[in-house]
Amino acid sequence: MGRNTYAYPTKIYDPAGNYSQIKYRFDFGANVWAQSPAPAGNTIGKTTSRTFSDTTGRIVKEKVENTGAYTRYDYPSNGTALNTYTTIVDLDPAGSTSLINQLDEVATETLFDGAGRVRKTRTENPGSLGGWTGKLVEYNILGQVKRETVPTEINSSWQPAGDDYRNGVWLWNSQEYDWKGRVTRTRPSDSDGTEAKDTKITYEGCGCAGGQVTTIQGPSTDAINVGGTTPVTGSRTQKIREDILGRTVATEIWSLSGPSLSSTLY
């Protein structure tokens, strides 16, 4: 196949005659350069470039040509990690031009399991107690996210540090699924073991014949109910009704005491 083959759009116009331009790597069709329409008062629009590895075809750098800001990617040889380094755009003392300083690169480290799923991720957090902000993810046997931590201050050894954990233990948000892979319950990191702070989701109908009704019941809360002055304890409830094609046809929001408070039809 010769280089005169036309397989990808290189210029796209809108009805007003404005256009975006795109250039590609011939060997595997990757977008290596793009420019959006110029905003009013400008001669060129946002221009970005992308550099790919010649040996693996993986992206190694993305750059905004207008400012020089970039993100570069590093792939350790263990095959289960990705390191990214993103620059911060500084202003010169006069505040008139943007400057890019490689010393300002912010590092992010992502670790994967053998199936390519993200298990750990952390980003530099200068000035914090541990120097990093991190997050852990766990999966069940079906590959669904079982639980994940809230963003937490950590040190270089992935140990919690600072105020984002309780007694040296990570704080987790977890969720449960039904046999169709639908989320049925979420538990926040401050859950006390009861259902009071959980969000519960139930489903009526199979979603194939006659549609499906999804009921979302939020955590227990104290609030002044509509038309009343006495605090009411209850859970916010929302119902989402779908047709046989999975399209939302109606939503209902219930008051704490139960009756429908508002509804929207589609």
Side-chain angles (χ1 to χ4, degrees), residues 8 22-34 48-65 67-90 100-177 181 183 186-189:
Y8 306 101
I22 308 173
K23 296 180 181 179
Y24 303 89
R25 268 276 296 266
F26 172 81
D27 46 358
F28 58 93
N31 176 345
V32 297
W33 182 92
T48 58
S49 62
R50 298 169 184 83
T51 304
F52 294 84
S53 168
D54 287 329
T55 55
T56 63
R58 297 180 295 192
I59 189 168
V60 294
K61 190 173 185 179
E62 294 180 284
K63 183 179 180 181
V64 179
E65 299 292 343
T67 63
Y70 65 85
T71 297
R72 62 183 181 90
Y73 302 84
D74 175 62
Y75 304 89
S77 58
N78 58 21
T80 59
L82 168 65
N83 299 325
T84 63
Y85 304 88
T86 302
T87 56
I88 298 174
V89 178
D90 297 327
I100 296 299
N101 185 351
Q102 286 187 334
L103 298 179
D104 287 341
E105 286 186 343
V106 177
T108 297
E109 181 181 8
T110 304
L111 303 181
F112 305 89
D113 63 11
R117 299 172 301 196
V118 175
R119 290 297 308 274
K120 297 181 178 181
T121 181
R122 65 180 179 180
T123 301
E124 284 184 314
N125 188 14
S128 66
L129 184 61
W132 295 82
T133 295
K135 182 177 179 180
L136 309 181
V137 184
E138 291 184 357
Y139 302 86
N140 61 23
I141 194 172
L142 297 177
Q144 301 159 325
V145 175
K146 177 182 178 181
R147 62 176 189 165
E148 55 186 329
T149 65
V150 300
T152 304
E153 287 187 37
I154 60 175
N155 59 26
S156 59
S157 299
W158 293 87
Q159 296 301 314
D163 301 326
D164 293 330
Y165 67 102
R166 186 183 302 122
N167 298 324
V169 178
W170 293 83
L171 301 181
W172 295 87
N173 296 321
S174 62
Q175 50 194 16
E176 301 172 4
Y177 302 85
V183 176
T186 62
R187 299 182 185 274
S189 60

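In this structure a side-chain-to-backbone donor-acceptor pair under 3.5 Å is missing from D54 to T56. Under the 3.5 Å distance criterion, the side-chain polar atoms of T149 are matched with a main-chain donor or acceptor of L136. Remark: side-chain polar atoms of R119 are paired, donor with acceptor, to backbone N or O of V137 under 3.5 angstrom. With S53 contributing its side chain and T55 its backbone, the two residues share a donor-acceptor pair below 3.5 Å. Looking at N83, its side chain never comes within 3.5 Å of a backbone N or O of E109 through a donor-acceptor pair.
With respect to the salt-bridge test (charged N to carboxylate O, under 4.0 angstrom), the residues K146 and E138 do not qualify. A salt bridge between E176 and R187 is present, with a side-chain N of the basic residue lying under 4.0 Å from a carboxylate O of the acidic one.
For P76 against A81, the heavy-atom pair with the smallest separation is CD-O, 3.4 Å. Between I59 and Y73, the shortest heavy-atom distance links the atoms O-CB, 3.6 Å. Between G68 and K63 the shortest heavy-atom distance is CA-CE, 3.9 Å. The heavy-atom pair separating G181 from Y177 by the smallest distance is O-CD2, 3.4 Å. Heavy atoms only, all atoms of each residue included: T133 and P151 are closest at CG2-CB, 4.0 Å. Heavy atoms only, all atoms of each residue included: L171 and S189 are closest at CB-CB, 3.7 Å.
Contacts of N155 classified as side chain to side chain donor-acceptor pair (under 3.5 Å), with partners at least two apart in sequence or in another chain: none.
The side-chain heavy atoms of V106 and T123, taken from C-beta on, include a pair separated by under 4.5 Å.
Residue R50 holds its CZ atom at 5.5 Å from CD of E62, rounded to the nearest 0.5 Å. Here the CH2-CD distance, from W170 to Q159, works out to 8.0 Å after rounding to the nearest 0.5 Å. Put simply, OG1 on T84 and OH on Y70 are 12.0 Å apart, with the number rounded to the nearest 0.5 Å. The structure places OG1 of T51 at 12.5 Å from CZ of R72, a figure rounded to the nearest 0.5 Å. Atom CZ of R58 and atom CG of D74 lie 9.0 Å apart (nearest 0.5 Å). Rounding to the nearest 0.5 angstrom, the gap separating the OG1 atom in T152 from the CG atom in N125 is 11.0 Å.
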Give the C-alpha distance, both sets of side-chain angles, the deciding distance and a yes or no for side-chain contact (heavy atoms from CB on, under 4.5 Å) between T186 and N173. CA-CA 7 Å; T186 62; N173 296 321; over 6 Å; no

What verdict does the side-chain contact (heavy atoms from CB on, under 4.5 Å) test give for F52 and D27, after you've listed the backbone C-alpha separation in whole Å, the side-chain angles of each residue and the deciding distance to 0.1 Å? CA-CA 11 Å; F52 294 84; D27 46 358; over 6 Å; no

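Judged by a 6.0 Å distance limit and a 45° cone about the ring axis, R117 is positioned over the six-membered ring of Y139.
Using modelled atom types and a 3.5 Å distance limit, the side chains of E124 and Y85 yield no donor-acceptor pair.
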